[in-house]
**Student:** 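Got a structure here, written out as structure tokens. Questions coming.
The shown structure was predicted, so the numbers you read here are calculated from the model rather than taken from an experiment. Residues take their numbers from the sequence shown, with the count starting at 1. Hydrogens, waters and symmetry mates are skipped; everything else that's a heavy atom, side chains included, is used.
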Amino acid sequence: MGFFGNVFARLFGRAPKKGVPAAEAPEAREQAVYGELVAAGACEFVAKTPLGEIRGTWRGDDDAPAGTRVKIVLPSEIFRIDDCPPEENFFRLSDAGTLRVAAAADFSGDPEDAFVWFFPEDAQGFPAEGE
């Protein structure tokens with residue numbers, strides 16, 4: 001499938017044909033972790049998750065109370081890998097579990113020694129109503 005066919009597939013939510021990496025399929029791009037809201041305001045949030053504390057862009061009401069269950073969308077292409085942890089929004093590559101980390105394909109070291117990190121503006125937080 002050519003360039004325009006892949007663009008068409010992405011725009012209309014159809015699975016790309018053979019030869020397109022699974023990480024580029026539309027359904028593979030959205031992945032989420034769930035957690036508990038610590039604070040929200042000024043379009044930002046802080047939440048406790050199984051991966052640790054995550055700070056990102058808040059897409060809910062700024063007056064959401066602490067303890068609200070949140071869904072944090074983390075597309076696989078936002079992750080970066082480094083051998084030392086940054087100040088925030090990081091976890092060990094070995095702790096990624098079912099999260100797809102696109103950058104992991106290029107990493108050749110020990111997953112125990114690698115840290116996955118992302119910019120706060122790339123993490124999108126939503127109230128997890130009914131989930």
Side-chain angles (χ1 to χ4, degrees):
M1 175 182 285
F3 171 77
F4 291 108
N6 285 335
V7 170
F8 179 81
R10 287 185 189 168
L11 288 174
F12 294 100
R14 297 188 181 140
K17 293 198 175 183
K18 189 175 182 181
V20 176
E24 293 183 17
E27 61 276 5
R29 293 192 59 210
E30 184 176 310
Q31 54 189 349
V33 295
Y34 292 87
E36 184 177 293
L37 190 65
V38 173
C43 297
E44 293 184 355
F45 77 94
V46 176
K48 289 182 186 177
T49 73
L51 297 174
E53 197 168 85
I54 292 179
R55 185 169 72 89
T57 303
W58 182 239
R59 301 295 182 192
D61 293 331
D62 280 344
D63 60 352
T68 300
R69 185 164 159 77
V70 295
K71 174 183 178 181
I72 304 164
V73 177
L74 302 168
S76 64
E77 64 269 11
I78 69 170
F79 297 123
R80 289 142 176 84
I81 297 181
D82 205 337
D83 57 356
C84 59
E87 293 181 20
E88 63 184 4
N89 288 356
F90 70 91
F91 55 91
R92 286 193 180 277
L93 179 58
S94 59
D95 295 336
T98 61
L99 286 178
R100 287 177 294 285
V101 178
D106 299 328
F107 183 73
S108 60
D110 183 3
E112 287 295 326
D113 296 333
F115 293 91
V116 178
W117 64 275
F118 52 94
F119 293 110
E121 58 269 19
D122 292 333
Q124 305 292 311
F126 301 89
E129 299 170 9
E131 295 187 43

**Student:** So, taking the atom named CH2 in Trp58 and the one named CD1 in Ile72, what distance separates them when rounded to the nearest 0.5 Å?
**Tutor:**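 Atom-to-atom, Trp58:CH2 and Ile72:CD1 are 8.5 Å apart.
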**Student:** Could you tell me which residues satisfy salt bridge (Lys or Arg N to Asp or Glu O under 4.0 Å) with Glu36, sequence neighbours excluded, listed by chain and number?
**Tutor:** none
**Student:** Looking at residues at least two apart in the chain, or sitting in another chain, which of them share a side chain to side chain donor-acceptor pair (under 3.5 Å) with Glu88?
**Tutor:** Arg55
**Student:** According to side-chain contact (heavy atoms from CB on, under 4.5 Å), who are the partners of Arg59, at least two apart in sequence or on a separate chain?
**Tutor:**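 Scan of Arg59 (side-chain contact (heavy atoms from CB on, under 4.5 Å), adjacent residues dropped) gives Thr57, Gln124, Phe126.
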**Student:** Please say yes or no: joined through hydrophobic side-chain contacts below 4.5 Å, possibly via intermediate residues, are Ile81 and Leu51 part of one cluster?
**Tutor:** yes
**Student:** Which residue pairs satisfy the side chain to side chain donor-acceptor pair (under 3.5 Å) criterion with at least one member in residues 102-117, sequence neighbours excluded?
**Tutor:**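 Applying side chain to side chain donor-acceptor pair (under 3.5 Å) to every pair that reaches into residues 102-117, excluding sequence neighbours, yields Ser94-Glu112.
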**Student:** Between Pro127 and Gly60, which heavy-atom pair has the shortest distance, and what is it?
**Tutor:**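 Looking at all heavy atoms of both residues, the shortest contact is CD-CA, 4.0 Å.
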**Student:** Taking the side chain as every heavy atom from C-beta outward, state whether Val46 and Ile54 have any atom pair closer than 4.5 Å.
**Tutor:** no
**Student:** Excluding sequence neighbours, so at least two apart, what forms ring pair (Phe, Tyr, Trp, His ring centres under 6.0 Å) with Phe79?
**Tutor:** Phe91, Phe118
**Student:** Just to verify, what does Phe115 make a side-chain contact (heavy atoms from CB on, under 4.5 Å) with, not counting sequence neighbours?
**Tutor:** Pro85, Phe90, Arg92
**Student:** Flag the pair Gln31 / Ser76 as yes when at least one side-chain heavy-atom distance between them is below 4.5 Å, and no otherwise.
**Tutor:**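 Yes, at least one pair of side-chain atoms sits under 4.5 Å.
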**Student:** Within this structure, what is the SG-CG distance for the pair Cys43 and Asp62, rounded to the nearest 0.5 Å?
**Tutor:** 5.5 Å
**Student:** Mind listing the closest non-hydrogen atom pair of Leu37 and Ala40 along with its distance?
**Tutor:** CD2-CB, 3.9 Å
**Student:** Looking at Leu74, Asp95, Leu93, which hits side chain to side chain contact (heavy atoms under 4.5 Å, CB included) with Val116?
**Tutor:**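 For Val116, the side chain to side chain contact (heavy atoms under 4.5 Å, CB included) check succeeds only for Leu93.
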**Student:** Would you say that Asn89 contacts Asp122 through its side chain, given a criterion of any heavy-atom pair below 4.5 Å between the two side chains?
**Tutor:** no
